[in-house]
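The residues of the chain are indexed from 1 along the displayed sequence.
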Amino acid sequence: MAESMKGLKRTHRCTELSAANVGEEVTVMGWVQKNRNKGGIIFVDLRDRSGILQIIFEQGADLSRAVDAENFAKAETLRSEFVIAVVGKVEKREGNTNTAMKTGDIEVRATQLRILSESETPPFPIEADSKTKEELRLKYRYLDLRRPDLQEKIMMRSRVAAKIREFMTNEGFLEIETPILNKSTPEGARDYLVPSRVHPGSFYALPQSPQLFKQLLMCSGYDRYFQIAKCFRDEDLRADRQPEFTQLDMELSFVDIDDVIEVNERLVQYVFKDTVGIDIQLPIQRMTWQEAMDRFGSDKPDTRFGMELVNVSEVVKDCGFGVFTGALENGGSVRGINAKGQGEMPRKKIDALVEFAKGFGAKGLAYIAIQPDGTLKSSFAKFMTEDEMASLVKAMDGENGDLLLFAADKNKIVWDVLGNLRLEIARNLDLLDKDQYNFLWVTEFPLLEWSEEENRYVAMHHPFTMPMEEDLELLDTEPGKVRAKAYDIVLNGTELGGGSVRIFQNHIQEKMFEIIGLSKETANERFGFLLNAFKYGVPPHAGLAFGLDRMVMLMAKADSIREVIAFPKVKDASCLMTDAPNVVDAVQLEELGIAIVKN
Ligand code: ASP
């Protein structure tokens, strides 16, 4: 039966006690992790969010050292996950110190016990490194969240947010909230829509990011804004994506790229040092997008290991292998990577790499396996002369025992294939050091990207991103070549955040809309409020947003962002605990003027 805690006040969390408290009378409260009844003596591991503390209930006449019969009888009924309050004395453990436990050298000798709440047997054990299937854990997330490893991550997230606020505030940023119920301004991902009851047939959209509002705040003179903002994107399902996620969003006035980079470098340095004790050396390396693609086949390169791409187009341009020359004739390229020391990789494993490459659009993968004695095993030797093979090996710095892998196709495919292959091989060979933190800025992104599906240019970052001044004149002639004043911050191959300097001149903004095929009318319908604001004095401005979930995930060395979000959704955007999304009452629908069409 549940008792009240009347008259009791918790004095410490479990692991706030140490040998320094020996002799003190304390009151602790928490959950029973486990209990062992050894006859006249019961040991209980008491758990709260700080950790575990051993409590000892002993039967006996000396009530300064023991609990009375009634309390002992109560202690005998304890089971896992009961919530209890214990009054007792801190003692040094006699001879059985547990060094694996923070409080392993002490215990609390109970004099009073109250059972505040009983518990049914939980559907899975509350323990670190759970072996329980994630679906079951998510269904009972409130129990899952009791597990110490998850609690540590959620608490780390709170610390990260606190440090961010501290830093940003000290740097003169103002924390300002922007609305959740907005107008739909499609461009980018799909919006989540919310029907309006007051305006039947009209919808709000949940923000994909506070982009337009933060630019408006700059127009209004707030000059440095930040927000830890919830964002919503109804994107196609992918394993580690959440329909709602959190950004650390910011915008600054009267700045250029270097200013944004400078303050953000110090921010990550501050937050990483103060939460996970990692020293980030500044300045963080910078690399242009072009260099990142050429060397790593990725705009978010993992620079913890080499295996860089080599462009061998020149070397093979006149060779007899049609796959290579064909790709070049179609305007593509031939590039390779050298998997050092992998020349004797079994055929089966090479075939698996070929299959992997196909998943990224490769038609195949050409290889040269240089044997330890220098002979070459290759998938395409028969099309090549010996000299051609020799120059190819040389261009790749191939040495005895190396495995050379080549892709030939359009640049985009070649980069994607080799960039991903490079990572796959590194994973297979265990080359990725989890304790190394390689930060990188990627700059000078292309402004536009050609969309085959839509048969038009789309903004690579978003349509408010400023082209590089030196490329402005290409806007009319070769828009595909225009570089943007955009930057991403990358950590170990993961994009942590990205942003850009914004367009603040209306004529450039209009040109941008024109290039991405947005008519004046449509642009005005969607973004008229921003364009109008720009008519009344707009400062040059720039900003950036970090994906907070991802950042905390990497800091916590978690395998998934679900581990750093208290109540995450699963791949199909549903919540296994609450069963959201769900049907609603007919009355609710009627009020909203909504009828469900059954297919
Ligand atoms: N709003 C942008 C994004 O969500 C970030 C930015 O440009 O500041 O990616």
Side-chain angles (χ1 to χ4, degrees), residues 161 164-165 167-179 182 185 187-189 207-233 245-268 270-271 284 286 289 299 439 441-445 447 459-469 483-490 495-506 508-509 512 527 529-531 533-534 537-551:
I164 287 173
R165 289 205 161 91
F167 179 90
M168 298 304 272
T169 307
N170 286 340
E171 292 287 326
F173 285 82
L174 302 169
E175 183 168 6
I176 304 176
E177 288 165 83
T178 52
N182 296 308
T185 51
E187 178 65 30
Q208 295 189 25
S209 86
Q211 185 63 34
L212 299 176
F213 289 102
K214 67 176 173 174
Q215 292 195 239
L216 289 170
L217 286 170
M218 295 305 107
C219 292
S220 306
Y222 291 93
D223 115 15
R224 282 186 162 209
Y225 136 95
F226 87 101
Q227 183 181 192
I228 296 183
K230 266 290 176 82
C231 303
F232 308 83
R233 295 184 192 172
F245 58 97
T246 307
Q247 283 189 342
L248 161 58
D249 190 44
M250 70 183 77
E251 195 76 8
L252 303 82
S253 288
F254 308 113
V255 293
D256 211 328
I257 295 180
D258 287 345
D259 306 292
V260 179
I261 285 189
E262 194 270 337
V263 73
N264 276 288
E265 288 189 347
R266 286 190 294 108
L267 166 71
V268 284
Y270 185 77
V271 174
I284 289 171
R286 296 191 202 183
W289 178 87
D299 59 4
F439 284 90
W441 287 103
V442 177
T443 61
E444 299 185 17
F445 276 78
L447 182 70
M460 192 140 174
H461 186 50
H462 51 57
F464 312 104
T465 294
M466 179 68 186
M468 280 173 63
E469 277 86 3
R483 291 164 301 166
K485 294 180 92 167
Y487 33 77
D488 273 2
I489 183 164
V490 174
E495 182 196 327
L496 269 195
S500 60
V501 174
R502 323 299 183 189
I503 299 172
F504 73 104
Q505 302 99 320
N506 263 341
I508 303 179
Q509 190 64 68
M512 183 69 186
F527 310 113
F529 55 99
L530 183 73
L531 302 178
F534 280 15
V538 46
H541 57 290
L544 179 131
F546 286 94
L548 189 70
D549 310 294
R550 247 186 254 172
M551 181 158 133

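Counting heavy atoms from C-beta on, the side chains of V271 and M551 come closer than 4.5 Å. Side chains of C231 and P210 form a contact here, defined as non-hydrogen atoms less than 4.5 Å apart. The side-chain heavy atoms of R286 and I261, taken from C-beta on, include a pair separated by under 4.5 Å. Between V538 and M218, every side-chain heavy-atom pair lies at or beyond the 4.5 Å cut-off. The shortest distance between side-chain heavy atoms of Q211 and T185 does not fall below 4.5 Å. The shortest distance between side-chain heavy atoms of L248 and L267 falls below 4.5 Å. A heavy-atom distance below 4.5 Å is not found between the side chains of M512 and I508. Looking at F504 and M466, their side chains never come closer than 4.5 Å, going by heavy atoms from C-beta outward.
Here the side chain of Q247 pairs no donor or acceptor atom with the backbone of S209 at under 3.5 angstrom. At distances below 3.5 Å, at least one donor-acceptor pair connects side-chain atoms of Y487 with backbone N or O atoms of S500. Checking side-chain atoms of D549 against main-chain N and O of T246 turns up a donor-acceptor pair under 3.5 Å. At least one donor-acceptor pair under 3.5 Å links the side chain of R550 to the backbone N or O of E495. Of the possible polar contacts, none joining the N170 side chain to the F167 backbone as a donor-acceptor pair under 3.5 Å is found. Panel note: side chain Q509, backbone L531; no donor-acceptor pair is recorded below 3.5 Å.
To the nearest 0.5 Å, the span separating CG on L447 from NZ on K485 amounts to 12.5 Å. Residue R165 holds its CZ atom at 14.5 Å from CZ of F173, rounded to the nearest 0.5 Å. The distance from atom CG of L174 to atom CG of L217, rounded to the nearest 0.5 Å, is 9.0 Å. If you take CG on L496 and CZ on F439, they are separated by 6.0 Å, rounding to the nearest 0.5 Å. With rounding to the nearest 0.5 angstrom, the CE atom of M250 is 10.0 Å from the CD1 atom of I228. For the atom pair CG (N182) and CG (L212), the distance works out to 8.5 Å, reported to the nearest 0.5 Å.
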- Query: Please walk me through it: do F213 and I176 pass side-chain contact (heavy atoms from CB on, under 4.5 Å)?
  - Reply: CA-CA 10 Å; F213 289 102; I176 304 176; over 6 Å; no
- Query: Should N264 and F546 be marked as a side-chain contact (heavy atoms from CB on, under 4.5 Å) after you check the CA-CA gap, both sets of side-chain angles, and the distance that decides it?
  - Reply: CA-CA 10 Å; N264 276 288; F546 286 94; 3.1 Å; yes
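Looking at residues two or more places apart in sequence or on another chain, you find a salt bridge (Lys or Arg N to Asp or Glu O under 4.0 Å) between R483 and E444, D471. Looking at residues two or more places apart in sequence or on another chain, you find no salt bridge (Lys or Arg N to Asp or Glu O under 4.0 Å) involving E177.
Between L548 and I164, the shortest heavy-atom distance links the atoms CD1-CD1, 3.6 Å. Across every non-hydrogen atom of E171 and R224, the tightest pair is O-NH1, 2.9 Å. Summarising the geometry of I503 relative to P467, their closest heavy-atom pair is CG1-CD, 4.2 Å, with the distance given to 0.1 Å. D488 and F445 make their closest contact through OD2-CZ, 3.3 Å (heavy atoms, listed as atom of the first residue, atom of the second, distance).
The local environment of OH in Y270 is crowded, with over 12 non-hydrogen atoms from other residues, nucleotides or ligands closer than 6.0 Å.
When the options Q215, E251, H541 are evaluated for a side chain to side chain donor-acceptor pair (under 3.5 Å) with R502, the one that passes is E251.
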